[in-house]
Amino acid sequence: MISYIRGTLAVMEEDKVIVDVGGVGYGIYMSGRAMGMLPSVGCEVKIHTYLHVKEDIMQLYGFLTRDELAVFRLLIGVSGIGPKGGLGILSALSPDDLRFAVASNDIKAIQAAPGIGKKTAEKLILELKDKLKLEDALEHISGNDVAYAAEVPSANYAEVQSEAVQALVALGYGNTEALRAVKQVELTEDTGVEEVLKQALKKMMF
């Protein structure tokens with residue numbers, strides 16, 4: 001099992017990269033989003049990997065974070081979604097976007113991924129509902145959240161955001177759109193639902 005590969009980014013192709021590790025080039029398939037975040041050719045990279053073995057085929061799939069890899073594993077566990085389908089979904093949706101879509105039953109957001117029809121999107125939501133919950137989406141702290149996350153108890157953090165999301169949905173906004181906007185609002189111990197709602201609305205207008 002190859003957990004990750006660290007080496008020099010040698011080549012970038014349409015759907016994969018080649019990483020040089022001690023003179024050996026490893027071809028790694030990646031999502032379009034992930035490839036767009038890679039440094040330029042010649043720089044050192046660390047890519048978390050998943051080795052897919054099927055009959056006479058062995059392919060490496062790569063991810064910039066362990067979280068993205070974990071979500072990929074969940075995706076390919078859904079009947080009808082293979083590794084390439086999983087990468088397609090992660091090209092259209094970030095792990096957090098997917099959490100939001102699953103938590104809010106946003107079929108259209110998932111259908112934005114290439115090759116994903118309505119039935120597959122519905123099946124994905126049904127099978128991942130208990131694995132990618134609303135709480136996971138709200139409590140999944142990105143790098144930009146770390147600075148203030150420690151100031152707010154996680155339970156209160158999720159509760160305030162959840163109420164703000166419900167309020168936005170009641171105003172007619174889509175579930176995924178509301179979740180994204182609310183998650184961008186920085187919280188402190190004194191931030192209430194009304195303030196989160198006000199700031200989220202401002203973000204949604206620009």
Side-chain angles (χ1 to χ4, degrees), residues 31-34 36-38 48 63-75 77-78 81 86 88-113 116 118 120-206:
S31 70
R33 287 187 63 266
M37 298 171 67
L38 286 171
H48 300 275
F63 311 90
L64 297 183
T65 66
R66 294 179 64 183
D67 178 55
E68 188 180 18
L69 171 57
V71 171
F72 174 79
R73 286 178 177 277
L74 291 176
L75 285 172
V78 176
I81 298 180
I89 293 172
L90 289 175
S91 289
L93 301 166
S94 70
D96 272 351
D97 286 341
L98 182 61
R99 287 185 173 95
F100 297 158
V102 170
S104 59
N105 294 308
D106 194 338
I107 295 174
K108 290 185 178 180
I110 297 175
Q111 280 186 271
I116 301 299
K118 184 178 180 180
T120 301
E122 291 174 339
K123 183 188 295 183
L124 187 153
I125 290 174
L126 179 63
E127 294 192 23
L128 297 187
K129 197 74 171 180
D130 293 334
K131 300 174 182 176
L132 293 176
K133 300 178 182 179
L134 175 60
E135 290 79 6
D136 296 329
L138 294 176
E139 294 180 5
H140 183 259
I141 309 301
S142 66
N144 293 331
D145 296 325
V146 173
Y148 65 88
E151 300 176 6
V152 186
S154 59
N156 181 59
Y157 177 88
E159 182 179 350
V160 169
Q161 288 191 318
S162 181
E163 289 184 24
V165 168
Q166 291 174 32
L168 287 172
V169 171
L171 290 174
Y173 291 97
N175 289 320
T176 301
E177 183 184 15
L179 281 163
R180 288 176 181 171
V182 167
K183 192 173 183 296
Q184 292 176 30
V185 178
E186 296 187 6
L187 298 179
T188 67
E189 292 182 357
D190 299 323
T191 306
V193 177
E194 290 186 6
E195 181 60 27
V196 172
L197 185 59
K198 184 186 301 183
Q199 292 186 40
L201 283 169
K202 287 182 180 179
K203 293 181 182 296
M204 296 170 83
M205 293 178 182
F206 294 99

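Numbers here are sequence positions counted from 1.
If you take CZ on Arg73 and CZ on Arg66, they are separated by 10.0 Å, rounding to the nearest 0.5 Å. The distance from atom CG of Leu74 to atom CG of Leu132, rounded to the nearest 0.5 Å, is 5.5 Å. Taken from CD1 in Ile81 to CD in Glu127, the straight-line distance is 8.0 Å, to the nearest 0.5 Å.
Scored by the ring-ring contact (aromatic ring centres under 6.0 Å, His included) test, Phe72 finds Tyr50, Tyr61, Phe63 as partners (sequence neighbours excluded). Not counting sequence neighbours, the partners of Leu64 by the side-chain contact (heavy atoms from CB on, under 4.5 Å) test are Met30, Ala34, Met37, Leu38, Glu68. Among residues two or more places apart in sequence or in another chain, the side chain to side chain donor-acceptor pair (under 3.5 Å) test is passed with Ser94 by Asp97. Not counting sequence neighbours, the partners of Ile107 by the side-chain contact (heavy atoms from CB on, under 4.5 Å) test are Gln111, Lys118, Ala121, Glu122, Ile125. Every residue two or more places apart in sequence or in another chain that forms a side-chain contact (heavy atoms from CB on, under 4.5 Å) with Ala181 is listed here: Ala200, Met204. Not counting sequence neighbours, the partners of Glu195 by the side-chain contact (heavy atoms from CB on, under 4.5 Å) test are Thr191, Lys198, Gln199.
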Decide yes or no on side chain to side chain contact (heavy atoms under 4.5 Å, CB included) for Ile116 and Leu124, but give the supporting numbers first.
CA-CA 10 Å; Ile116 301 299; Leu124 187 153; 5.9 Å; no
Between Leu201 and Tyr173, is the side chain to side chain contact (heavy atoms under 4.5 Å, CB included) condition met? List the steps.
CA-CA 10 Å; Leu201 283 169; Tyr173 291 97; 3.7 Å; yes
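For the residue pair Ala101 and Ile110, the shortest heavy atom distance occurs at CB-CG1, 3.9 Å. Annotation for Arg99 and Asp67: closest pair NH2-OD1, 2.6 Å, computed over non-hydrogen atoms. The nearest pair of heavy atoms linking Val196 to Ala164 is CG1-CB, 3.6 Å. Contact between Ala92 and Ala113 at its shortest, heavy atoms only, is CB-CA, 3.7 Å.
Using modelled atom types, no side-chain atom of Lys203 and backbone atom of Val182 make a donor-acceptor pair closer than 3.5 Å.
Looking at heavy atoms from C-beta onward, Leu197 lies out of side-chain contact with Glu163 at the 4.5 angstrom threshold.
With Ile89 as the partner, the side chain to side chain contact (heavy atoms under 4.5 Å, CB included) test is satisfied by one option alone out of Val71, Leu98, Val78: Leu98.
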